[in-house]
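Please read through the structure below; I'll follow up with questions.
Whatever order the structure lists ligands and atoms in, that order sets their numbers, starting from 1.
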Amino acid sequence: MMKRVGNQQVTQRRFMSIKVKWAVGTGLGVLVIFAIFALLLFQSFSSLLLREQRQETQTVVQAVTSRLNTTTEMTPATVRTALGRQHQTGNYQHDVYSTLAQRNLCATVYGPTGRLLFMTHKPAVSFYRHAPEERVTTVQHHTVLVLKQPVRGKNNQLQGYVQVERRLQAYDQTRIRLAVTFLILGITAAFASALLAYGLAAWFIRPIDAINTTIGKINADDEGQALANVRVPVMSTNDELTELAVLFNDMLNRMNRYVEQQQQFVEDVSHELRTPVAIIQGHLDMLNRWGKDDPEILTESISASLQEINRMKSLVQEMLDLTRAEQIEVHFGDELTDVREVGIQTFNNIRMIHPDFDFVLDNELTGPTMVNVYRNHFEQILIILLDNAVKYSQKRKEIHVSMDRDERSVQIVVQDFGEGIAPENIKKIFNRFYRVDKARSRDKGGNGLGLAIAQRLVEGYRGEITVESVLGHGSLFRITLPLAKTNTG
Ligand code: ADP
């Protein structure tokens, strides 16, 4: 069933708990395996019981036949005499008759043509001369074992047949008892394993339940506080699901960080824009009230406002650069730039616009040195570093640039001998809008975004930017960029 929620289509399925599925599956599995084993056991037990019964019946058949063998010609009278009670002095012979009198046994003797000569009871199974020597049949729900044996005279002449039937009562009872026992055991085992499986499943999937509850809480919270506060309680089971809960929490933390960064960015931007807007508003208010006719105030206000508008323009441009610098890999991964050529050119350009500075270039690159970087981005990085070197060098106006390479990467170092950065601030200078001295940096046209842009650009191209600085003595910025594969040697 499809249900529309907002703009999303959510597929609703009938919920069936993993616990129930697992329990039913395990129960059925155990039942099938048990049934197979029980069937095999039942069969082998039955054939064992049957073998015993067969041996006993065989003994009876042998006893009867051995008696009959002494007679020459079998008639009902001779047979009856032969199988009757006999006691010889000092020699007790097997009392065949009393054996045959057992209720579950029925012995019959037939002549060679199949004529009935003798019977202990009325036989339940009819006699056929060509019937097999052993048969197991069912008569009135009872299993009956029938053994037949020919009786032969002295010259191996066929004199008749002996047939003994045995009603296998004990065999039937044991088989029924066995079947009932197996059935009860099987069902009990299936139930027990289903219960156990349910319990284990419930125990194992606790972390999933915890994750579900957490997601539910975060979804239900319209104010967005839950994303920052609610986390999955991590269990001590230390298995894949615990790992899942930990990973899920990490993901939530990361999402929360992104949301907070986003909020921070909006706050920072609003804060940065507030000052120029307030200054322009102040000037316009002043003009509106009494400055319109005073050409001096008019000129001053217009030039101050223009200056602020230019600042806002550069701020907007830098924020745009920053956003774009975060998507480098997608757009500029295949660009090729010669570090040596662009480096020298940018160096010369900056030197030209700052004639009061002493620029020194130490170039160790002997030939074209290609990197997979978009040319404008490489220029931008160099300009940011050189521009900062100029901005933050008041006393000693000297800037050193060096370019070098190794097997895998190229390094560009920009060093100045200016005011330097205190250790506690060094980590923060790459943050957006961070300026060590806000007012002074602002005077110099800084928005605190230059290094943030440079860092994102360099890292976007899988490079690295590091800084070493001593307060009052100067700073050294080093960029390392991986060489493009097209470089030889
Ligand atoms: P800004 O536009 O203010 O220069 P950046 O991101 O380029 O912003 O730099 C951030 C801060 O780092 C600067 O405000 C300044 O305090 C410090 N900084 C950057 N480069 C240097 C340098 N070469 N020497 C001393 N301080 C520097």
Problem - Asp416, portion touching ligand 1 at heavy-atom distance under 4.0 Å - result: side chain
Problem - Residue-ligand contact Gly420/ligand 1, heavy atom below 4.0 Å - result: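 Right, Gly420 reaches ligand 1.
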Handout entry: Heavy-atom pair with the smallest gap, counting every atom of Leu365 and Asn363
Key =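 Heavy atoms only, the tightest pair is N-OD1, 2.9 Å.
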Completion exercise
All heavy atoms of Val436 vs all of Ile421, minimum pair found to be CG2-CG2, 4.3 Å
Problem - Atoms of ligand 1 close to Lys391 [distance to a heavy atom under 4.0 angstrom, numbered from 1] - result: 1 (P), 2 (O), 4 (O)
Exercise for the section: Indicate yes or no: does an N/O atom of Val436 lie under 3.5 Å from an N/O atom of ligand 1? Expected result: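 For ligand 1, there is an N or O atom that lies under 3.5 Å from one belonging to Val436.
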Practice task
State, without any angle test, whether Thr57 and Arg166 hold a side-chain donor-acceptor pair at a distance under 3.5 Å.
Solution key: yes
Practice task
Distance to 0.1 Å, residue and atom name: give those for the protein heavy atom nearest to atom 17 (C) of ligand 1.
Solution key: Ile429 CG2, 4.0 Å
Handout entry: For atom 24 (N) of ligand 1, the protein heavy atom that lies nearest, with its residue and separation
Key =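 Looking at atom 24 (N) of ligand 1, the protein heavy atom closest to it is Ser475 OG, 3.3 Å.
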Practice task
Considering only non-hydrogen protein atoms, determine which one is nearest to atom 11 (C) of ligand 1 and report residue, atom name and distance to 0.1 Å.
Solution key: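 Sorting protein heavy atoms by distance from atom 11 (C) of ligand 1 puts Tyr434 O, 3.6 Å first.
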Practice task
With heavy atoms of Asn447 as the reference, note each atom of ligand 1 found under 4.0 Å away.
Solution key: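 Near Asn447, meaning under 4.0 Å from one of its heavy atoms, ligand 1 has 2 (O).
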Problem - Exercise: do Asp321 and Gln380 side chains pair donor with acceptor under 3.5 Å - result: yes
Exercise for the section: Please determine if Glu464 and Arg478 form a salt bridge, counting it only when a charged side-chain N lies under 4.0 Å from a carboxylate O. Expected result: no
Exercise for the section: Evaluate the side-chain proximity of Phe433 to Leu449: yes if any heavy-atom separation is below 4.5 Å, no if none is. Expected result: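 Result yes, sub-4.5 Å side-chain heavy-atom pair found.
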Handout entry: Polar proximity ligand 1 side, Asp437 side, N/O cut 3.5 Å exclusive
Key = no
Handout entry: Charged N-O contact under 4.0 Å between Lys313 and Glu318
Key =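 Glu318 and Lys313: not salt-bridged.
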Practice task
Measure the distance from atom 5 (P) of ligand 1 to every protein heavy atom, then report the residue, atom name and distance (to 0.1 Å) of the closest one.
Solution key: Leu451 N, 3.5 Å
Exercise for the section: Using heavy-atom distances, let me know which of Asn431, Ile384, Asn388 sits nearest atom 19 (C) of ligand 1. Expected result: Asn388
Problem - atom 15 (C) of ligand 1: the protein heavy-atom neighbour that sits closest, reported with distance to 0.1 Å - result: Tyr392 CZ, 3.6 Å
Handout entry: atom 26 (N) of ligand 1: nearest protein contact (heavy atom, Å)
Key = Ile421 CG1, 3.3 Å
Problem - Nearest neighbour in protein (non-hydrogen) for atom 3 (O) of ligand 1 - result: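 Answer for atom 3 (O) of ligand 1: Ser441 OG, 2.6 Å.
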Practice task
Before accepting this row, confirm whether a basic side-chain N of the pair Arg54/Glu134 lies closer than 4.0 Å to the acidic partner's carboxylate O.
Solution key: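 Counted as a salt bridge, because a side-chain N and a carboxylate O are separated by less than 4.0 Å.
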Problem - His377 side chain to Glu379 side chain, donor-acceptor N/O pair below 3.5 angstrom - result: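 Absent: no donor and acceptor within the cut-off.
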Exercise for the section: Would you check if there is a donor-acceptor pair between the side chains of Asp268 and Gln264 at a distance under 3.5 Å? Expected result: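 Note: Gln264 and Asp268 side chains meet the donor-acceptor criterion.
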Practice task
Could you find the nearest protein heavy atom to atom 8 (O) of ligand 1 and give me its residue, atom name and distance?
Solution key: Gly448 CA, 3.1 Å
Practice task
State if Phe477 counts as touching ligand 1 under the rule of any non-hydrogen atom under 4.0 Å.
Solution key: yes
